[in-house]
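Report on the structure given below.
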Amino acid sequence: MTDPTPSHDAPAHAPLRGAIFWVAIAFSAYQIWMASFHPLSSQVIRAIHVGFVLLMIFALYPPFGEREGALGTAGRALGWVLGLTGFVFAFYHWVFESDLTARAGELIPADWVIGVVTVALVFEAARRVMGWGLPLICAMFLAYALFGQYLPGPLAHRGYGLDQIVSTLGFGTEGIYGTPTYVSSTYIFLFILFGAFLEQAGMIRLFNDFAMGTVGHTRGGPAKVSVISSGLMGTINGSGVANVVTTGQFTIPLMKRFGYSPAFAGGVEATSSMGGQIMPPVMGAVAFIMAETINVPYVDIVKAALIPAILYFGTAFWMVHLEAGSKGLLGLPKEECPNPWTAVKERWYLLLPLAGLVALLFSGYTPLFSGTVGLGLTVILIFGAAVISGVKGTPLRVLAWVLLGLATAGFFQFGVGTFYVVALVLIALTFVLRRGGDARQLAVQSLVDGARHALPVAIACALVGVIIGVINLTGVAAEIGGRVIAIGQDNLFLALLLTMLTCLVLGMGIPTIPNYIITSSLAAPVLLELGVPLIVSHMFVFYFGIMADLTPPVALACFAAAPIARETGLKISVQAIRVAIAGFIMPFMAVYSPALMLQSEDWGAVAWVVFKAVLAIAMWGAGAIGFLAAPLAWWERAWVVVAACFLVVALPLTDEIGLAAIALFLAWHWWRTRRPSMGQAGAR
C-alpha cells in the first residue's frame with residue numbers, strides 16, 4: 001500500500017527462499033498473533049515490528065546489490081549482520097521496558113548506542129527500498145533539529161541537545177516509533193496481508209473478468225476496463241504503483257491494441273490506479289492514520305472520501321469515453337468478453353470477506369478488529385472452498401457452507417480464537433481428504449508476500465517519524481503555517497493554491513503514507529486556521545499529495561506505466577493530468593462546499609453540490625478532450641472550462657453564471673451537431 005521508488009540495489013522480485021522465507025513467515029505470524037491477542041505493550045510491538053522490517057530489508061537489499069563472487073557474498077553477509085543488529089536491538093525495548101519508562105529522557109550509554117544505531121539503520125533501510133527522496137527530506141529535518149539555532153530570522157529555534165534529539169527519535173512515541181509505526185504495526189499490516197490472500201486466491205482475475213464482461217464491448221471498452229478494474233483493486237490494495245504494474249500489464253496493451261496512443265493508455269492506467277489511494281475502505285491505509293491523527297472515527301473518514309472517489313473514477317470513465325468518441329474507437333467484440341456473472345459465480349466467496357470487512361467498519365468496530373476478522377474469514381473461505389470442492393451434489397455443498405458459516409460465527413461468543421480453531425480443522429481436513437494442496441501453498445505464499453509487501457510501508461512509517469519528532473520538538477510547522485495564514489486571511493483561494501503547490505512539491509517521489517503525514521503536519525493546520533472543516537482540510541492535502549504521483553517531474557505512477565506502454569514517463573504524465581483534470585479541482589470544490597464530503601446533514605445541499613460537480617466534470621472532460629457529441633473548436637473548449645470553473649465557488653451568482661453559460665453551450669452544441677443531419681435528411 002505504498003508507492004516505493006525502487007533502489008538500484010534492489011533485487012528482482014524473485015520468490016523468497018532459504019532463511020529469509022522463514023523470516024517472512026515469522027514476521028506475518030508475529031503480526032497476526034499481536035493483532036489477535038495483543039500480549040505485549042504497544043511500544044514493544046512497534047519496536048519488534050521495526051526490527052523485523054530492518055532484518056528483512058537488509059537481507060533482501062544487501063550492500064553491493066546482488067553481485068556475484070566474493071563482493072556479492074560479503075555484501076549478503078553484511079546485510080544479514082546489519083539486519084540482525086536492528087532486529088536484536090528491537091528487543092532492548094522489551095527487556096528493559098520498565099527501566100526505559102522510569103528514566104524517560106535520560107540516556108545511559110547503552111541507550112545512546114541503541115538509539116543512534118537504530119535511527120541510522122532506519123535511514124539506510126529506507127534508502128535501499130525507496131531511493132534517496134524520503135531519506136533526504138528526513139535528513140533535512142534532522143539537520144534542522146541539530147543546527148536550526150544558527151539559522152537567521154524566525155525559522156531559528158532555541159537549540160536542543162543531542163540527547164534530547166536521540167531520546168525523541170529513538171525512544172518514546174514521537175520518533176520512529178510514533179503514530180505511523182503504531183498504525184503500520186497494527187492495521188496496515190493486517191490489510192496488506194488481507195490483500196495478499198485475496199490476490200493469491202484470484203481476486204485480480206475476478207475484477208478483470210467482471211470489468212471486461214460489463215464494459216469491454218462498449219465504446220472505448222478497453223480503457224473503461226482499466227478504470228473499473230483499478231477502482232476495484234483499490235478496495236483491497238491502495239497502492240498506485242502496485243495497481244499500475246498489476247492491472248496495467250493487461251489493460252495498457254489492450255488499450256494500445258484498440259487504437260489508444262501509448263501515452264494516453266499509460267495515462268489512463270496511472271490515473272485510475274492512483275484513484276485506489278482515495279477509494280474506501282483501504283485508501284492506501286491513510287484512512288487509518290488520518291483517523292488516529294485527527295482523532296475522528298474511521299467511518300467518518302470513509303464517508304468523507306466516498307463521493308470524491310466516485311467522482312474521480314467517474315471523471316476517468318468519462319474522459320476515456322470522450323477520447324474513444326473523438327477517435328472513433330470501438331470496444332471488444334462481445335464474444336471475446338467473458339461473462340461477468342460467470343466470473344462472480346466461480347469466485348463469489350472471495351467477495352464475502354470484503355463485504356464483511358466493510359460491514360464491520362461501518363458498524364463502528366475498530367479497524368484492528370475488522371481487519372483481523374476479515375483476514376480470518378479469508379483464510380477460512382480459501383480452505384473451506386478447497387475442502388467443499390470435493391463434496392458431490394448441490395444440497396450437500398450448500399449444507400457444508402452453512403455448517404462452516406455456523407462454526408465461524410462462534411467468534412461472536414468465543415472471540416477471534418475461533419478463527420484459529422476452524423482454520424486448523426480445515427487444514428487438517430485437506431490432509432485427511434488429500435486435497436487442497438494448492439490452498440496450503442497459497443496460504444504460505446500469501447504470508448510471505450504480505451510480509452514482503454509491507455516493507456516499503458513500514459520503513460516509510462518509521463522514517464517519517466523523524467519529521468514528526470522534529471516538528472513536535474521545534475514547532476517549525478507553526479511558523480511556516482503562520483505565514484500562509486497571513487496570506488489566506490485576505491485571499492482563501494491564494495492560500496489554497498499555495499497549499500496545493502506545497503503538497504505537490506512535498507509529495508514528489510514519496511509514498512502515500514509519509515506523503516500524507518508530511519503534508520498534513522505542515523499544511524493541514526493552516527487550512528484549519530482559515531476556517532476549513534477538519535476532515536476537509538486533511539483530505540485537501542491528502543489528495544494533492546497523491547496528485548504529485550501524476551505530475552512532472554517525478555510522477556511515480558506514470559514512470560511505472562512507461563515500460564509497459566513503451567512511452568516516456570513525461571508524455572504519460574501529461575496525458576494523466578489531462579485525464580485526471582477534475583481530480584485537481586474537486587478538493588477546491590470541497591473547501592467551498594464541504595457538503596461534497598458529506599460534512600452537512602442537509603441532503604439537499606449534498607445533492608446540489610454533487611449535481612454541480614457532475615456537470616462540471618462533464619464540461620471539463622469535454623474541454624480537455626475537445627469532443628462532446630462532435631469535435632469542439634478551441635473557443636468552445638475554453639468556454640466550457642471557464643463555465644465549469646464558475647461552479648467551484650459556492651456563491652449564488654457564480655452558480656447562476658456557470659449554469660447559464662453551460663446551458664448556452666449545450667444548446668449551441670446541440671443545434672450545431674444537428675445541422676448536418678437535418679441537411680442530409682432534407683436532401684433525401
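Predicted model, so just to flag it, every value in this text is computed and none were measured.
Side-chain atoms of S28 do not come within 3.5 Å of backbone N or O of I25 as any donor-acceptor pair. Side-chain N or O atoms of K256 include none that pairs as donor or acceptor with a backbone N or O of A265 at under 3.5 Å. When atom types are taken as modelled, the side chain of S184 and the backbone of P180 share no donor-acceptor pair closer than 3.5 angstrom. The closest donor-acceptor contact from the side chain of Q575 to the backbone of V268 lies at 3.5 Å or more, if one exists at all. Panel note: side chain Y312, backbone T271; a donor-acceptor pair is recorded below 3.5 Å.
Side-chain contact between L206 and L351 is present, with at least one heavy-atom pair separated by less than 4.5 Å. Using a 4.5 Å cut-off on side-chain heavy atoms (C-beta onward), F313 and M279 make contact. The closest side-chain heavy-atom distance from T418 to T408 is not below 4.5 Å. Using a 4.5 Å cut-off on side-chain heavy atoms (C-beta onward), F197 and D449 make no contact. Counting heavy atoms from C-beta outward, L377 and L352 have side chains that stay 4.5 Å or more apart. The side-chain heavy atoms of Y543 and F584, taken from C-beta on, include no pair separated by under 4.5 Å. Between L322 and F317, the closest side-chain pair of non-hydrogen atoms is not below 4.5 Å. Residues P308 and M597 are in side-chain contact: their nearest non-hydrogen atoms beyond the backbone lie under 4.5 Å apart.
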CA sep, side-chain torsions, deciding dist, call: M539, I278, side chain to side chain contact (heavy atoms under 4.5 Å, CB included): CA-CA 9 Å; M539 284 291 184; I278 62 173; over 6 Å; no
Check against side chain to side chain contact (heavy atoms under 4.5 Å, CB included), I577 and I581: CA-CA 6 Å; I577 293 172; I581 183 171; over 6 Å; no
Residue pair F419, L375: steps toward the side chain to side chain contact (heavy atoms under 4.5 Å, CB included) verdict: CA-CA 9 Å; F419 294 129; L375 180 59; over 6 Å; no
Trace of the ring-ring contact (aromatic ring centres under 6.0 Å, His included) decision for Y420 with F37: CA-CA 12 Å; Y420 289 88; F37 303 109; 5.6 Å; yes
Test side chain to side chain donor-acceptor pair (under 3.5 Å) applied to H49 and T181, step by step: CA-CA 8 Å; H49 173 79; T181 297; over 6 Å; no
Side chain to side chain contact (heavy atoms under 4.5 Å, CB included) between L550 and C558, intermediate numbers included: CA-CA 6 Å; L550 299 178; C558 299; 4.2 Å; yes
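Cation-pi contact between R440 and F431: present, with separation from the ring centre below 6.0 Å and deviation from the ring axis of at most 45°.
One distance of note links OG1 of T372 with CG of L357; it measures 10.5 Å at 0.5 Å rounding. Expressed to the nearest 0.5 Å, how far CD1 of I20 lies from CD1 of I57 amounts to 10.0 Å. Rounded to the nearest 0.5 Å, atoms CD1 (I32) and CG (L193) are 5.0 Å apart. Note: M274 CE to S272 OG = 11.0 Å, rounded to the nearest 0.5 Å. Separating the CD1 atom in I380 from the CG atom in L424 is a distance of 10.0 Å, to the nearest 0.5 Å. To the nearest 0.5 Å, the span separating OH on Y61 from CD1 on I459 amounts to 11.0 Å.
The aromatic rings of H321 and W318 sit parallel to each other, their planes meeting at less than 30°, with 60° as the upper class boundary. Between F542 and Y516, the two ring planes are perpendicular [angle over 60°; tilted spans 30° to 60°]. The aromatic rings of F189 and F27 are tilted relative to each other, their planes meeting at an angle between 30° and 60°.
Evaluation of the salt bridge (charged side-chain N to carboxylate O under 4.0 Å, His left out) rule for K327 yields E323 as partners, not counting sequence neighbours. For E567, the side-chain hydrogen bond (donor to acceptor under 3.5 Å, both in side chains) criterion is met by no residue, not counting sequence neighbours. Evaluation of the side-chain contact (heavy atoms from CB on, under 4.5 Å) rule for V574 yields no partner, not counting sequence neighbours.
Taking all atoms of both residues into account, the shortest heavy-atom contact from L360 to S370 is CB-OG, 3.5 Å. R578 and A624 make their closest contact through NE-O, 3.1 Å (heavy atoms, listed as atom of the first residue, atom of the second, distance). Taking all atoms of both residues into account, the shortest heavy-atom contact from A423 to V379 is CB-CG1, 4.2 Å. The shortest heavy-atom contact between S326 and I625 is OG-CG2, 4.2 Å. Of all the heavy atoms in L426 and G384, the pair that sits closest is CD1-N, 3.8 Å. The nearest pair of heavy atoms linking G266 to A561 is O-CB, 4.0 Å.
Residue R435 qualifies as enclosed at atom CZ: its count of foreign heavy atoms under 6.0 Å is above 12. Surrounding CG of D438 are at most 12 heavy atoms belonging to other residues, nucleotides or ligands under 6.0 Å away.
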